[in-house]
Amino acid sequence: MTAVPWLADTRALFYRIDACRKAGVDPEKDFATWDSFKNALKKLNNIEINGKKLAALGMPGKNDWNVHHNYAPWIYGAGEDFLNSDFTKSTLSSNETFSGIKFYSELAVEGLMDRQSLAMNTADIEAKFIKGDYATTISGSWFATVLEIKKDNGVNFIENVGVTMLPEGPKGRYAYLGGSSLVVFKSSQNQNKAIKLIEYLTTEEAQIEYCKKTELLPVVKSAYDHPWIKGNRMRKVFAEQMNYAKGYPAMPAWHTAETYIVKALSKVWDNVTEGEVKYSPERTIKILEKADRDIDKTLRYYLFQRD
């Protein structure tokens, strides 16, 4: 089997310039670390722009395809991962992972993340950001294209939007890394032709053209010097963010483990948002410990199959 990465995906912080200016928030300085980010959100929360109060941060919760992607930077920034270094055990309930999950989820508990938005998905959040409901949101490079299209259609909101990297955690700056790959299997009847196609699709020219259509990012480093990225004030931030992006493990068991991770992190959001039961960090720990046990069983099964 021959495989190469094709397109990439990461996240960055989008913010309203007017809201930051009125709240006295300096995006370059005040969004730099977890602590300064939280303090900036406190300043931005309920800031009034044109007679409308803005929520500090708008993000989707469990009803979204990005549940674990949205948690990943905070887990990595706390110094941990979803699995241990040899991929034999889940680390969701480790002190470091828990601290990252706790920091991010408690932004909602503290009223800095709009709780109603946690029932929505990414597309809903982006629409509400454009509508003017939030001072900040975290999204992918495609959102820059969405804002450009809105401008072309007469909605010039993009001039009031800035982009910066995600804040640095106690153990470093990280971002989620996703994307897609191109694969030629040994069973392919046309391996040589397929490889030639891959060679073309990973040229700088083809990468840029496909990124324009998919609204994602290239995997060829030289493509980041192209004017479409380097000459664009939003996309060049994503180019820099890619230096800190971290992907998930490349292993057969990941798909099943990922299902348990998403299920657990969705329950963490339930712990935050369900009104009948008061939020409890201890309940979050129990949710993560249960997920660890389920994931560990999955990993043992795959290791047994491999051996």
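Along the sequence shown, residues carry numbers from 1.
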K.L.:
Measure from the side-chain N and O atoms of Q207 to the backbone N and O of V220, and report whether any donor-acceptor pair falls under 3.5 Å.
P.N.:
yes

K.L.:
Before giving the answer on side-chain contact (heavy atoms from CB on, under 4.5 Å), spell out for I198 and V184 the whole-Å C-alpha distance, their side-chain angles and the decisive distance to 0.1 Å.
P.N.:
CA-CA 9 Å; I198 288 178; V184 180; 3.4 Å; yes

K.L.:
Under 4.0 Å between a side-chain nitrogen and a carboxylate oxygen: does that hold for E148 and R235?
P.N.:
yes

K.L.:
Can you find a heavy atom in the side chain of D30 that is under 4.5 Å from one in the side chain of F37?
P.N.:
no

K.L.:
Please report the closest heavy-atom contact between L177 and A8, naming both atoms and the distance.
P.N.:
CD1-CB, 4.3 Å

K.L.:
Working note: V25 + F31, criterion side-chain contact (heavy atoms from CB on, under 4.5 Å); need CA distance, chi angles, decisive distance, verdict.
P.N.:
CA-CA 9 Å; V25 169; F31 293 144; 3.9 Å; yes

K.L.:
One pair to check against side-chain contact (heavy atoms from CB on, under 4.5 Å): L57 and Y134. What are the steps and the verdict?
P.N.:
CA-CA 6 Å; L57 174 63; Y134 315 128; over 6 Å; no

K.L.:
For the backbone of D81 and the side chain of T91, can you confirm whether one donor and one acceptor N or O come within less than 3.5 Å of each other?
P.N.:
yes

K.L.:
If you round to the nearest 0.5 Å, how far is OG1 of T298 from CZ of R300?
P.N.:
9.0 Å

K.L.:
Quick check: W74 with Y176 (ring centres under 6.0 Å apart)?
P.N.:
no

K.L.:
Should we say atom OH of Y210 is surrounded by more than 12 heavy atoms from elsewhere, each under 6.0 Å from it?
P.N.:
no

K.L.:
Using side-chain contact (heavy atoms from CB on, under 4.5 Å) as the criterion, point out the one residue from R11, E126, M59 that pairs with S139.
P.N.:
E126

K.L.:
I'd like to know if L217 and V219 are part of one continuous hydrophobic network [Ile/Leu/Val/Met/Phe/Trp/Tyr, side-chain heavy atoms within less than 4.5 Å].
P.N.:
no

K.L.:
Does the side chain of N70 come within less than 4.5 Å of P60's, by heavy atoms?
P.N.:
yes

K.L.:
Counting distance only, does the side-chain N/O of D9 pair as donor-acceptor with the main-chain N or O of L216 below 3.5 Å?
P.N.:
no

K.L.:
Please walk me through it: do E282 and S280 pass side-chain hydrogen bond (donor to acceptor under 3.5 Å, both in side chains)?
P.N.:
CA-CA 5 Å; E282 292 74 23; S280 164; 3.0 Å; yes

K.L.:
Going through the distances and angles, do Y260 and S90 end up as a side-chain contact (heavy atoms from CB on, under 4.5 Å)?
P.N.:
CA-CA 10 Å; Y260 286 118; S90 173; over 6 Å; no

K.L.:
Would the number of heavy atoms belonging to other residues, nucleotides or ligands and lying under 6.0 Å from CD of Q116 be above 12?
P.N.:
no

K.L.:
Looking at every heavy atom in both A245 and T10, which two are closest together, and how far apart are they?
P.N.:
CB-OG1, 3.8 Å

K.L.:
Would you call the rings of Y248 and F82 parallel, tilted or perpendicular, taking 30° and 60° as the class edges?
P.N.:
perpendicular

K.L.:
Is the number of heavy atoms from other residues, nucleotides or ligands within 6.0 Å of CG (N192) greater than 12?
P.N.:
no

K.L.:
Is the shortest side-chain N to carboxylate O distance from K22 to E48 below 4.0 Å?
P.N.:
no

K.L.:
Can you see whether Y244 has R173 sitting over its ring - NZ or CZ less than 6.0 Å from the centre and within 45° of the normal?
P.N.:
yes

K.L.:
Work out which heavy atom in N232 is nearest to a heavy atom in W228; give both atom names and the distance.
P.N.:
CB-O, 3.4 Å

K.L.:
With side-chain hydrogen bond (donor to acceptor under 3.5 Å, both in side chains) as the criterion, how do S94 and T97 come out once you've worked through the C-alpha distance, each side chain's angles and the decisive distance to 0.1 Å?
P.N.:
CA-CA 5 Å; S94 72; T97 302; 3.1 Å; yes

K.L.:
Is the shortest heavy-atom distance from the side chain of V161 to the side chain of L147 under 4.5 Å?
P.N.:
yes

K.L.:
Does F157 have its ring centroid less than 6.0 Å away from the ring centroid of F129?
P.N.:
yes

K.L.:
Grab the two heavy atoms, one from A108 and one from V272, that are nearest each other, plus how far apart they are.
P.N.:
CB-CG1, 3.7 Å

K.L.:
Where do Y224 and P218 come nearest, in terms of heavy atoms and distance?
P.N.:
OH-O, 2.6 Å

K.L.:
Short question: side chain of T2, backbone of F185 - any donor-acceptor pair under 3.5 Å?
P.N.:
no

K.L.:
Taking the side chain as every heavy atom from C-beta outward, state whether L112 and K42 have any pair of such atoms under 4.5 Å apart.
P.N.:
yes

K.L.:
Hey, are T259 and T256 close enough side-chain-wise for a donor-acceptor pair under 3.5 Å?
P.N.:
no

K.L.:
Answer yes if the side chains of D18 and N160 hold a donor-acceptor pair under 3.5 Å, and no otherwise.
P.N.:
yes

K.L.:
Is there a donor-acceptor contact under 3.5 Å from the side chain of D114 to the main chain of S117?
P.N.:
yes

K.L.:
Go through the steps to decide whether F238 and W142 satisfy the test ring pair (Phe, Tyr, Trp, His ring centres under 6.0 Å), and finish with yes or no.
P.N.:
CA-CA 10 Å; F238 282 91; W142 66 81; 8.2 Å; no

K.L.:
Please say whether the positively charged group of K246, taken as NZ for Lys or CZ for Arg, lies over the ring of Y174, i.e. under 6.0 angstrom from the six-membered ring centre and within 45 degrees of the axis.
P.N.:
yes

K.L.:
Does the side chain of Y15 reach to within under 4.5 Å of the side chain of L44, using non-hydrogen atoms?
P.N.:
no

K.L.:
Are L197 and L7 connected in a single hydrophobic cluster, I mean Ile/Leu/Val/Met/Phe/Trp/Tyr linked by side-chain heavy atoms less than 4.5 Å apart?
P.N.:
yes

K.L.:
Between S222 and E204, does any side-chain donor sit less than 3.5 Å from a side-chain acceptor?
P.N.:
yes

K.L.:
Using the rule that two of Ile, Leu, Val, Met, Phe, Trp, Tyr join whenever any of their side-chain heavy atoms come within less than 4.5 Å, decide whether I125 and I49 are in one cluster.
P.N.:
no

K.L.:
Should we count NZ of K38 as having more than 12 external heavy atoms under 6.0 Å?
P.N.:
yes

K.L.:
Looking only at non-hydrogen atoms, find the nearest pair between A239 and I229 and report the distance.
P.N.:
CB-CG2, 3.9 Å

K.L.:
List for me each residue that meets salt bridge (charged side-chain N to carboxylate O under 4.0 Å, His left out) alongside D133, sequence neighbours excluded, and say none if there are none.
P.N.:
K52, K128

K.L.:
Is there a donor-acceptor pair closer than 3.5 Å between any side-chain N or O of N153 and the backbone N or O of K150?
P.N.:
no

K.L.:
Walk me through it: do K212 and E209 pass the test salt bridge (charged side-chain N to carboxylate O under 4.0 Å, His left out)?
P.N.:
CA-CA 5 Å; K212 287 179 180 179; E209 289 306 310; 3.6 Å; yes

K.L.:
Is the closest side-chain donor-acceptor distance between Y200 and E205 under 3.5 Å?
P.N.:
no

K.L.:
As an exercise, state the distance from CG of N271 to CZ of R283, rounded to the nearest 0.5 Å.
P.N.:
4.5 Å

K.L.:
Test D64 against T122 for side-chain hydrogen bond (donor to acceptor under 3.5 Å, both in side chains), laying out the working first.
P.N.:
CA-CA 6 Å; D64 190 65; T122 293; 2.9 Å; yes

K.L.:
Do Y71 and W269 have ring centroids that are under 6.0 Å from one another?
P.N.:
yes

K.L.:
Give a yes or no on whether the ring-centroid distance for W254 and F87 is below 6.0 angstrom.
P.N.:
no

K.L.:
Under a 3.5 Å distance rule, please check whether N156 uses its side chain to pair with a backbone N or O of K151 as donor and acceptor.
P.N.:
no

K.L.:
Is the shortest side-chain heavy-atom distance between P252 and Y302 below 4.5 Å?
P.N.:
yes

K.L.:
Is a donor on one side and an acceptor on the other found under 3.5 Å between the side chain of D292 and the backbone of S93?
P.N.:
yes

K.L.:
If we only count heavy atoms from C-beta on, is the L13 to M165 side-chain gap below 4.5 Å?
P.N.:
no

K.L.:
Looking at K171 and E80, does any basic side-chain N land under 4.0 Å from a carboxylate oxygen?
P.N.:
no

K.L.:
What do the steps show when you test N84 against D86 for side-chain hydrogen bond (donor to acceptor under 3.5 Å, both in side chains), and what is the final call?
P.N.:
CA-CA 6 Å; N84 64 0; D86 59 2; 3.1 Å; yes

